[in-house]
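Here is the structure we will look at.
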Amino acid sequence: MRLLKASSSASAPLKVILFGEHFVIYNKPAILAAINKRVYVDINVRSDAIFAIRVSDLYEEASINHIEESKHQFTRLSQPIFITAYNTLRRFHSVLGLDIKIMSDIPFGSGLGTSAASSAALITAISDLFNTLNKDDIFALTIEAEKLIHYNTSGADPAIVTNGGLIMFKRREEGMLIIPLIYSTELSFIVVYSGISRSTANLVNNVKSLRENNPIMFERFANTSEEITLKAIEALKSKDYEKLGSLMLRNHELLQSLGVSNDTLDKLVDTAINNGALGAKLTGAGGGGSIIAFGYDSKRLLNAFKDHHVFIASIDKEGIRVE
Ligand code: PMV
């Protein structure tokens with residue numbers, strides 16, 4: 001396909017999972033929100049066959065002429081970026097060297113979907129070089145990119161970062177169901193980073209083992225997650241924020257039973273509740289990452305977490321975009 005530009009910039013929002021993480025892999029519904037923090041990707045076409053990747057302070061480069069060997073020249077952070085860029089270019093029957101620069105409003109590993117947002121923004125920027133932006137293709141390629149990192153991914157993170165807004169996401173035999181939730185999009189959350197980075201793939205694997213060893217218990221948990229998520233949609237619809245808050249707490253307790261919380265996350269949730277939050281829970285895979293909380297008095301909550309990485313996140317209606 002014909003290259004129409006020599007450079008492009010694109011971005012994608014980060015996300016929080018409000019309800020249903022982990023069980024979403026096993027075809028139960030989840031609710032996700034895109035937040036007003038983004039990952040930005042700048043790309044420039046090079047005259048040689050080198051991919052040069054800059055992510056925050058990290059700089060790495062390798063030749064695309066020897067893809068199999070080159071893959072191993074990158075660290076775990078930039079290797080999926082390299083492969084995703086390569087695969088996306090191949091979609092356009094193109095072999096080009098690229099300078100790729102990735103910048104995130106929030107540090108990598110905070111459990112807010114930086115990997116999915118990086119991939120989606122990178123794929124968008126590359127598609128823009130050929131002037132062919134198709135959200136469905138970008139979504140599909142972002143899922144492939146996520147599989148390089150998380151192996152077994154539900155597709156929920158790629159869905160929210162490409163689409164933006166507030167969505168209900170469900171994986172089904174017949175394909176993924178993505179329903180935009182148009183109610184309560186004015187909601188904002190406090191996001192608190194635990195300071196512990198973790199591997200989503202490991203946590204997903206632990207849950208897989210638990211499911212294999214205790215199928216009946218897991219089924220019960222999964223049904224509870226579904227019940228909580230469906231009730232949360234009703235609470236969002238009717239703007240019943242007390243109800244929404246108590247459902248968030250129930251969801252956190254369920255994730256505790258699943259074994260993906262820890263003392264640090266539980267303490268952060270307790271601090272939020274003790275400081276007037278209507279609800280709080282870990283968000284994403286758990287084991288570290290971040291918690292979310294919301295309440296009427298955001299100032300009090302921010303103050304309670306003043307020694308942590310904390311910010312107020314509102315819902316970003318926009319998904320991927322060319323900058
Ligand atoms: O680690 P995060 O915040 O990107 O969330 C992963 C969410 C899981 O449900 C645990 C995995 C998935 O693929 O949906």
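The shown structure was predicted, so the numbers you read here are calculated from the model rather than taken from an experiment. First listed ligand is number 1; within each ligand, the first listed atom is number 1.
Heavy-atom contacts of Glu21 reach the following atoms of ligand 1: 9 (O) (cutoff under 4.0 Å). Proximity to Val24 (heavy-atom distance under 4.0 Å) selects the following atoms of ligand 1: 9 (O), 14 (O). The atoms of ligand 1 that sit less than 4.0 Å from any heavy atom of Gly111 are 3 (O). Each of the following atoms of ligand 1 lies closer than 4.0 Å to a heavy atom of Gly284: 3 (O), 5 (O). Under a 4.0 Å criterion applied to the non-hydrogen atoms of Thr200, ligand 1 contributes the atoms 1 (O), 2 (P), 6 (C). Of all atoms in ligand 1, listed by their number and element, those nearer than 4.0 Å to a heavy atom of Arg198 are 1 (O), 2 (P), 3 (O). The ligand atoms of ligand 1 that sit less than 4.0 angstrom from a heavy atom of Thr153 are 13 (O).
In the candidate list Val260, Ile17, Leu32, Ile17 is nearest to atom 7 (C) of ligand 1, counting heavy atoms. With Gly287, Gly155, Ala285, Ala116 as candidates, the residue nearest to atom 5 (O) of ligand 1 on a non-hydrogen basis is Ala285.
Within 6.0 Å of CZ in Arg2 there are 12 or fewer heavy atoms belonging to other residues, nucleotides or ligands. Applying the 6.0 Å contact sphere to CG of Asp263 captures no more than 12 heavy atoms from other residues, nucleotides or ligands.
Side-chain contact annotation: Asn44 with Lys101, donor-acceptor N/O pair under 3.5 Å absent. Judged by distance alone, the side chains of Ser11 and Arg38 do bring a donor and an acceptor atom under 3.5 Å apart. Side-chain contact of Asn87 with Glu144: a donor-acceptor pair under 3.5 Å is absent, judged by distance alone. If you check the side chains of Arg90 and Thr88, you find no donor sitting under 3.5 Å from an acceptor.
In this structure, the protein non-hydrogen atom closest to atom 2 (P) of ligand 1 is Lys15 NZ, 3.5 Å. Looking at atom 11 (C) of ligand 1, its nearest protein heavy atom turns out to be Ile25 CD1, 3.8 Å. For atom 9 (O) of ligand 1, the closest non-hydrogen atom on the protein side is His22 N, 2.9 Å. Atom 4 (O) of ligand 1 has its closest protein heavy atom at Asp157 OD2, 2.6 Å. Summary of contacts: the protein heavy atom closest to atom 12 (C) of ligand 1 is Ser154 OG, 3.3 Å.
Between Phe294 and Tyr241, the ring-plane angle classifies as perpendicular under the 30° and 60° cut-offs. Between Tyr26 and Phe218, the ring planes are perpendicular. Angles over 60° get that label, and only those under 30° would be called parallel.
Taking 4.5 Å as the limit, every side-chain heavy atom of Asn251 sits out of range of all side-chain heavy atoms of Glu253.
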